[in-house]
Structures are given as C-alpha cells and as structure tokens.
Amino acid sequence: MTDEEMSGDLLGAIKPSTLPLHMDIDLSSKCNLRCSFCHLSYFNVPNSSQISFEYFMEKIDPILKQLKSVTLFSKYEPLTCRDFVKIFNRISEYGIETYFSTNAILFTEESIEAIVGRLRWLTVSVTGFNREDYARHMGADRLDKVVANLRAINELKRKRGVHYPMLRISTVGMLDTLEDLPRAVDFAKEHQAEEGVQVTALIAYGEEMVERMPLKDRERFVRLTQEALRYAREQGVRMALQSGGMEENQAATRELGHRPCFLPWRRLSVQPDGAVYPCPVSYKPVGNLAESSLEEIWNGSALEAFRAGVNDPARMNPECRGCTHCRHKSIIREDANDYSKADVFFAGMVRKN
C-alpha cells in the first residue's frame, strides 16, 4: 500500500501487514567518528554492543524471507560490526533490497568485495569537501581514506560490470555549510554517485549549534539551496533536500506537526542489544528479542498503542510531536530542531555530563 492510499485514514484504522515489510537493523552501537553535528557527540548510548552472526541467525534470520528490504543502519556506523560481512552475505542470499549509510572510512577489501553487485543503495556521509573542512565537521582527517574507498568501489563495479551499489552522498545542511553545496555536487559527480546528493537539515544537539539551524535564517537557506539545486541540474547531478524546501515542508507538516507517517505499519527498528523500536527515532522500545520474537512484537499491544499515537493530534506520541526523522520532521518548528537542552534522546540515549 502506498502512502497516498494509506493517507485516507490517519487515525489508526489502517491495518499493519502480518509481518513487517522492512527492518532497520543497527548492527553495532559504535561509531569511529564524532562529527560535530551528530547526536553521538552529545549523548551516550545505553550500552556498547553489536550483533554477532550467531545472534543474527537465531533472532533475525527467521523473518528475513518475509521482508522486502533491510537497512543496516539508523544511528551508528554499521562497519564497526565485526560480523558485518557474514551478516550481509546471509541477507544477500534472500535477494532482499539492502541499504546502509556509512562514513566509508572502515571499508576493507573484504567488505567492498561483499557489497559490490549485491548492495542496492549506499549512502556516504561527507560534510566538508576539502581536508580542513572535513576534519572540522567530521572530527577526523580522513577524507583521503573516504576518496580511496569510493574509488575502489567504483573500480570493482567497472570490473564486474555491475551498477550496484547505487551511490549517494549525504551532507548536513547548516547555515555555515550551505555555500559548500556546489562542492558536494562536484564531489558526487567526481565519484560517480548515481543518486547524487541529499541534504539533511541540521538538528541542534548543543547550544552552540542552535544558531546554525536552517530555520534561523530561512532566506539564506532558500537562496543557497535553490542556487545549489540549479547548479546540480546544470551538472547533471541529482540533488534532493531530504526534508523538502521551506515552503513545501511547512505545507506538509502544518496539520500534524510532521509529515503523515506510516513507518510503524511497515517496519521495525532493531538495536544491537535486542531492543525493538517502532521507528528509528522513537524513544521507548516496544519489546526485546531476549523476551519475544519479532512476530510477537509486531502484533503486540505496545506497538498497537504506539501506532494509534502517530498521526492523531489528540493523542500523539511525544517523539512524534517533535519528530526528528529526516523525511518526516518539520524543519520550520523550533521544538522539532532544537534538542540542545534535551536530557534524553531516542533509543535510550542520555546526555553526556
């Protein structure tokens, strides 16, 4: 069922599928970077853990044949998982559409060999398109490694005569990085990113980030993103504002405070400690794989109650009111973008002292 078909009834009468069609699986709760704009620079994770191949086979593999797609990422760096290649190879046996986002630094020859020709979509996060800017925003002087790995992926695609993975460059849109968007386009073109560039709007996790949010200078955001979009068209590079432009986003989020959302009717988010969430940015789990199967969680009362509060203004879930999901959030509301004073964040994270 498409979003358009589902949007006829937003208040809970929509029936979920028997089992989820999609799963977001965080294979590890670690990241090798501490980017200046990332939630991991401001919040601690509940515990450091990762999914082993054995655990994956016991708890997750039984449901794979029911899925249409799997995302091996939502909050952390998937390549920090020791068993990434074994798990990815197993998922690939089912012919499921696969995707993950990465900073691309930890790719190895083995992991590149595994994904080329089988991973459908690959997003590489890059903010800062020269050595100095990359180090300042991403927290490490590793742009050279990113470039080397992108070249290795493209070279192997050529050797094998395959189109996958389809590559996209993701960059964070802050008021002080908007002038760099044409460089993002050039970077995507140089590295043959068929899916081009996506721009994610900054969420402020620290007080020093608040004035860099796009909503603090809407005129600048609109002007510079429109200039970048025109440049991308001239260069033949796809470019998308992940939350939409200001006017589009305001119209789409006016009624509910976020875009109409149907994620909990289609997908589940699994954390490396076994906690299961109704979406990648929810705060409270609806179950744990140590206690229940994915099928039991999917059809359980906790998830049913969460679904009832997604699109109903009268009983909306707190995390839905201030939704931070990149495709559903409002970029024009202060309370949906300024988390600088929040003590807790999604998936049980708590602010660092």
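If you read the sequence from its start, that first residue is 1, and numbering goes on from there.
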Check this for me, if you would: do R131 and D144 make a salt bridge, where the nitrogen-to-carboxylate-oxygen distance has to be below 4.0 angstrom? no
State whether a side-chain donor-acceptor pair under 3.5 Å links [X] with [Y].
| X | Y | answer |
| --- | --- | --- |
| S29 | Q271 | no |
| Y55 | D83 | no |
| D61 | Y94 | yes |
| R168 | T123 | yes |

Sequence neighbours excluded, every pair satisfying salt bridge (charged side-chain N to carboxylate O under 4.0 Å, His left out) that has a member inside [range]:
| range | value |
| --- | --- |
| residues 39-52 | none |
| residues 37-60 | none |
| residues 280-296 | none |

Nearest heavy-atom neighbours spanning [X] and [Y]:
| X | Y | value |
| --- | --- | --- |
| C35 | S41 | O-OG, 2.6 Å |
| L40 | K352 | O-NZ, 3.0 Å |
| I332 | L215 | C-CD2, 4.1 Å |

Report yes if some heavy atom in the side chain of [X] is under 4.5 Å from a heavy atom in the side chain of [Y]; otherwise report no.
| X | Y | answer |
| --- | --- | --- |
| N311 | F262 | yes |
| I331 | M246 | yes |
| I203 | K329 | yes |
| R160 | E113 | yes |

What pairs with N89 under side-chain contact (heavy atoms from CB on, under 4.5 Å), at least two apart in sequence or on another chain? V85, A114, R118
Holding to side-chain contact (heavy atoms from CB on, under 4.5 Å), I want the full list of residues that pass it with R82, two or more places apart in sequence or in another chain. Q50
Starting from V70, can I reach Y99 by hopping between I/L/V/M/F/W/Y residues whose side chains sit under 4.5 Å apart?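 In one cluster: no.
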Would you kindly confirm whether V197 and W121 end up in one hydrophobic cluster when ILVMFWY residues are joined by side chain heavy atoms under 4.5 Å apart? no
Might you confirm whether atom CZ of R183 has over 12 heavy atoms from other residues, nucleotides or ligands at distances under 6.0 Å? no
Just checking E93: does its CD atom have more than 12 heavy atoms from other residues, nucleotides or ligands closer to it than 6.0 angstrom? yes
Which residues pass the salt bridge (charged side-chain N to carboxylate O under 4.0 Å, His left out) test with E219, sequence neighbours left out? R223
Check whether N130 reaches the backbone of E132 with its side chain - one donor and one acceptor, N or O, closer than 3.5 Å.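 Confirmed, N130 side chain pairs with E132 backbone.
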Just by distance, do the side chain of R259 and the backbone of S243 share a donor-acceptor pair under 3.5 Å? yes
What about Y283 and F346, are their ring centers closer than 6.0 Å?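 For Y283 and F346, the ring centres are not under 6.0 Å apart.
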Mind jotting down which residue pairs meet the ring-ring contact (aromatic ring centres under 6.0 Å, His included) criterion with at least one end in residues 142-180? Sequence neighbours excluded, please.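 Matches after skipping sequence neighbours: none remain.
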Can you sort out the partners of [X] under ring-ring contact (aromatic ring centres under 6.0 Å, His included), two or more places apart, ordered by chain and number?
| X | value |
| --- | --- |
| Y134 | none |
| H137 | none |
| F43 | F345 |

Consider side-chain contact (heavy atoms from CB on, under 4.5 Å). Of C81, S28, S49, S48, which one does P272 pass it with?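 That would be S49; it is the only one of C81, S28, S49, S48 passing the side-chain contact (heavy atoms from CB on, under 4.5 Å) with P272.
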Provide the full list of side-chain hydrogen bond (donor to acceptor under 3.5 Å, both in side chains) pairs with a residue in residues 202-215, sequence neighbours left out, each pair given once. Y42-E208, D176-R212
Show which residues join Y277 in its hydrophobic cluster (side-chain heavy-atom contacts under 4.5 Å, direct or indirect), or state none.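 Members other than Y277 - counting any ILVMFWY side chain reachable under 4.5 Å - there are none.
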